[in-house]
Number of protein chains: 2
Amino acid sequence: MADMTSMAGGSDPTHSPSEIAAAWQRERPGTPTGSIEIVTPIWRLAKLFSDDRVRVLRAAGIDAATLDLLSVIRRSGPPYALSTRELTRRTLVTAGAISQRVARAEREGLVRRAPGTTGRRTVMVSLTDEGHSLIERSVDAVLGREAMLVSGLSDSERDLLAGLLEKLTADVGRRLTDSR
Amino acid sequence: MADMTSMAGGSDPTHSPSEIAAAWQRERPGTPTGSIEIVTPIWRLAKLFSDDRVRVLRAAGIDAATLDLLSVIRRSGPPYALSTRELTRRTLVTAGAISQRVARAEREGLVRRAPGTTGRRTVMVSLTDEGHSLIERSVDAVLGREAMLVSGLSDSERDLLAGLLEKLTADVGRRLTDSR
DNA sequence: GCTGATACGTTTAGATCTAAACGTAACCGA
DNA sequence: TCGGTTACGTTTAGATCTAAACGTATCAGC
């Protein structure tokens, strides 16, 4: 996927989204700046969460890509095994990246690869004991930390925000599929 | 910055945030899943916007990193010049990345580097005519496209969401600085 | 059974980022 | 004025991603 490092249209963390929109209006009256107050904070928040997670995980001896891999397998429930195909579907990266991530995790003894029984030449990736205990140790740390970060919102604010974000996600997804 | 490709804790685009939280509760009762319905959609939306922008820009003959660079300079107003230092501050990437981006854009004739007059060995990066016209052509395309993507929200919903996002951004930023 | 089409996973080439090392220029206290 | 410190920009090494090429196994229709 494209990374999060380019957000022209309003990334500037030294100015608020509304200041950025105002700057465009001053420089180019009529510029369609209506989306900036939505898109810019989303990008900034994604970066804040991402960077913080990297820091937290470094202390736990695991990187974000590996956590992502192990998490998806772990929360799929017993027998803690998913095909490469399914891992790709449930992640935001390409099949090539999954292949590389699995190879790394396998080298570190966190997962195991085995041919699937259900035809179609699938490869099942499963957690080793070590992988299982690593994810158990990491999940609460990461999610607990994030819960702390968002704790400035009241319960009703949080629910309201979650609802709006879900609506927007569905909406954007629909418009993207329509336009292709 | 860390890219947007790892979002353990809930990236899975085949399940809604609430389904992911429910899966954790089923597998590990007591897991602190309160943040998932906020963080997960933020990550997903960042990726949706990012990927779409890449597609739009490919058609316009410019990449997202270059758009980011030219945008910041363009909206700073005449004389359309910023120091490398300032570019780093107003962007979400490191100084090294800025240096490389500027070098690329300079190679393509979009910007020019010149020693700054105000001491401290600064390098001023300014738009060439070609860079200026490229950004003029691209900005409306990108921002117009994004305005369309978020147009499913009513005006009041949009303002409400923008307000909550701004509050959350400030809040998370504060907690991050406090905890370090 | 064949055979072509398709699905699936891996590999490779290339892009671009970060972190850290570096090289200098500018500033500052004595 | 001088020497050390700091600010600033660039370079380099390493990590990891994407897109595309590949190789092979499986399936579907005849």
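Everything numeric in this text was worked out from a predicted model, so none of it was measured. Lettering of chains follows the sequences in order, A, B, ..., and the numbering in each one begins at 1.
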Rounded to whole Å, how long is the line connecting atom [atom1] of [X] with atom [atom2] of [N]?
X	N	atom1	atom2	answer
B:Ile62	C:dT16	CD1	P	13 Å
A:Glu86	C:dA7	CD	C1'	14 Å
A:Leu82	C:dG9	CG	P	11 Å
A:Arg85	D:dT26	CZ	P	16 Å

Check this for me, if you would: do [X] and [Y] make a salt bridge, where the nitrogen-to-carboxylate-oxygen distance has to be below 4.0 angstrom?
X	Y	answer
A:Asp171	A:Lys167	no
B:Arg58	B:Asp63	no
A:Glu106	A:Arg112	no

Got A:Asp52 and A:Glu146 here, is their nearest side-chain heavy-atom distance under 4.5 Å?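 A:Asp52 vs A:Glu146: side chains apart.
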Do A:Arg175 and B:Ser151 get their side chains close enough for a donor-acceptor pair, meaning under 3.5 Å? yes
Of the nucleotides D:dC17, C:dC17, C:dG9, which one has an atom closest to the side chain of A:Arg101? D:dC17
For the side chain to side chain contact (heavy atoms under 4.5 Å, CB included) test, which of B:Leu110, B:Leu67, B:Thr66 pairs with B:Ile135?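 When B:Leu110, B:Leu67, B:Thr66 are each tested with B:Ile135, the side chain to side chain contact (heavy atoms under 4.5 Å, CB included) holds only for B:Leu67.
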Short N/O separations, protein against nucleotides 10-15 of chain D, under 3.5 angstrom:
{"residue": "D:dT10", "atom": "OP1", "partner": "B:Arg113", "partner atom": "NH1", "Å": "2.7"}
{"residue": "D:dT10", "atom": "OP2", "partner": "B:Ser99", "partner atom": "OG", "Å": "3.0"}
{"residue": "D:dT10", "atom": "O5'", "partner": "B:Ser99", "partner atom": "OG", "Å": "3.3"}
{"residue": "D:dT12", "atom": "O4", "partner": "B:Gln100", "partner atom": "NE2", "Å": "3.2"}

